[in-house]
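Written below as structure tokens is the structure these notes are about.
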Amino acid sequence: MTGAPASAAGGTSGAKGATSASGVPSPPSAAGDARPVRGGKLGAAAVNQASLWNIANILTMVRLVLVPGFVMLMLMDGGYDPVWRAWAWAAFAVAMITDIFDGHLARTYDLVTDFGKIADPIADKAIMGAALICLSSLGDLPWWVTGVILGRELGITLLRFIVIRYGVIPASRGGKLKTLTQGTAVGMYVLALEGPLATLRWWVMAVAVVLTVVTGLDYVRQAIVLRRRGIAEREAAAEGTEH
């Protein structure tokens with residue numbers, strides 16, 4: 001026989017496919033393309049583990065840890081020592097700053113995780129709630145202000161869960177301004193301010209309360225519109241299926 005051995009003629013056939021008798025290359029086999037990933041399950045687990053410990057989630061964890069530290073600093077020596085109040089303000093400021101950066105980093109670098117979705121809003125409300133309750137318990141802030149702000153936050157969170165089957169209520173610019181104003185006002189109350197600055201913080205808190213109520217009512221309006229639209233779309237889809 002004059003034909004060359006298969007090992008000589010098709011030495012690379014395993015990678016590029018065998019050649020037929022007519023000289024036309026045959027397509028590569030599926031087995032040749034689907035190469036098993038070395039340590040596939042372990043590799044996937046490692047990726048998932050790494051995704052949890054990203055910078056956005058770490059900042060959220062830091063904010064959660066700061067909550068009991070803030071309360072301790074706030075209530076040291078009866079809660080009226082200016083030095084301890086200054087340290088408490090520093091802890092509160094760090095928490096507010098991490099609140100700004102963790103969400104931005106998660107969205108920018110695609111670091112959104114299920115843990116972050118749950119822990120981030122909890123951390124936000126925990127530090128703000130701790131500050132308001134401490135201030136009211138010390139007599140620095142009326143309890144009705146704390147009730148309005150915390151009632152709005154908890155109510156809107158519950159409302160989001162109620163209408164989530166119809167869609168997601170987007171965060172508005174008014175909501176972001178409300179958060180900034182609340183953080184500024186509460187931070188000013190945490191500090192032992194006197195004179196004109198003490199008067200200024202009252203006005204900043206008044207603006208924060210107004211924005212809290214107005215944006216809360218706007219969220220309720222959006223939730224009602226979203227629910228009506230969702231119900232109408234479901235009814236239209238049901239009628240289309242029947243016809």
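What you see is a predicted model; the values in this text were computed from it and never measured. Residue numbers start at 1 and run along the sequence shown.
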Worksheet item: Shortest non-hydrogen contact from T181 to V204?
Response: CG2-O, 3.7 Å

Worksheet item: Applying the 4.5 Å side-chain criterion to the ILVMFWY set and letting contacts propagate, would I58 and V67 be lumped into a single cluster?
Response: no

Worksheet item: Quick one: do L59 and I97 end up in the same hydrophobic cluster if we chain Ile, Leu, Val, Met, Phe, Trp and Tyr together by side-chain heavy atoms under 4.5 Å apart?
Response: yes

Item to complete: Determine whether F161 and V220 fall in the same hydrophobic cluster, where Ile, Leu, Val, Met, Phe, Trp and Tyr are linked whenever their side-chain heavy atoms lie under 4.5 Å apart.
Response: no

Worksheet, complete the sentence: On a heavy-atom basis, the closest approach of R63 and D120 is NH2-OD1, 2.7 Å

Practice prompt. Show your working on side-chain contact (heavy atoms from CB on, under 4.5 Å) between V163 and I224 and close with a plain yes or no.
Written response: CA-CA 9 Å; V163 301; I224 294 173; over 6 Å; no

Discussion item. For the CD atom of E233 and the OH atom of Y166, what is their distance to the nearest 0.5 Å?
Written reply: 11.5 Å

Fill in: Counterpart residues, side-chain hydrogen bond (donor to acceptor under 3.5 Å, both in side chains), relative to T146 (two or more places apart)
S136

Fill in: Heavy-atom closest pair, residues R165 and I162
NE-O, 3.9 Å

Check: residues 186-193 side-chain donor-acceptor pairs under 3.5 Å, at least two apart:
none

Fill in: Gap between atom CG of L132 and atom CD of Q182 - 0.5 Å precision
7.0 Å

Worksheet item: For the residue pair I156 and G216, what are the closest heavy atoms and their distance?
Response: CD1-O, 3.8 Å

Worksheet item: Is there a chain of hydrophobic side chains (I, L, V, M, F, W, Y, each step under 4.5 Å between heavy atoms) that links I231 to V225?
Response: no

Practice prompt. Could you pull out the closest heavy-atom pair between L64 and A119, with the gap in Å?
Written response: CD1-CB, 4.5 Å

Could you pull out all donor-acceptor pairs under 3.5 Å where a side-chain atom in residues 75-83 meets a protein atom, sequence neighbours excluded?
| residue | atom | partner | partner atom | Å |
| --- | --- | --- | --- | --- |
| D77 | OD2 | W84 | NE1 | 3.2 |
| Y80 | OH | L138 | O | 2.4 |
| D81 | OD1 | V83 | N | 2.8 |
| D81 | OD1 | W84 | N | 3.3 |

Discussion item. Under a plain distance cut-off of 3.5 Å, with no hydrogens placed, do R152 and Y219 share a side-chain donor-acceptor pair?
Written reply: no

Item to complete: Decide yes or no on side-chain contact (heavy atoms from CB on, under 4.5 Å) for L135 and M74, but give the supporting numbers first.
Response: CA-CA 9 Å; L135 289 170; M74 189 73 182; 3.3 Å; yes

Fill in: Connected-component partners of L180 among ILVMFWY, side-chain separation under 4.5 Å
none

Worksheet entry | Minimum heavy-atom distance between F92 and A131, given as atom pair plus value | CE1-CB, 3.9 Å

Response to the item:
By side chain to side chain contact (heavy atoms under 4.5 Å, CB included), V145 pairs with (sequence neighbours left out) L141, P142, I149, M205, V209

Worksheet item: Do the side chains of I127 and L150 join up, straight or via other hydrophobic residues, at under 4.5 Å, putting them in one cluster?
Response: yes

Worksheet entry | From M128 atom CE to I133 atom CD1, the distance as rounded to the nearest 0.5 Å | 12.0 Å

Discussion item. Looking at R201 and D140, is there a salt bridge between them, counting it only when a charged N and a carboxylate O are closer than 4.0 Å?
Written reply: no

Worksheet entry | Residues that, via side-chain heavy atoms closer than 4.5 angstrom, fall in one hydrophobic cluster with V214 | V210

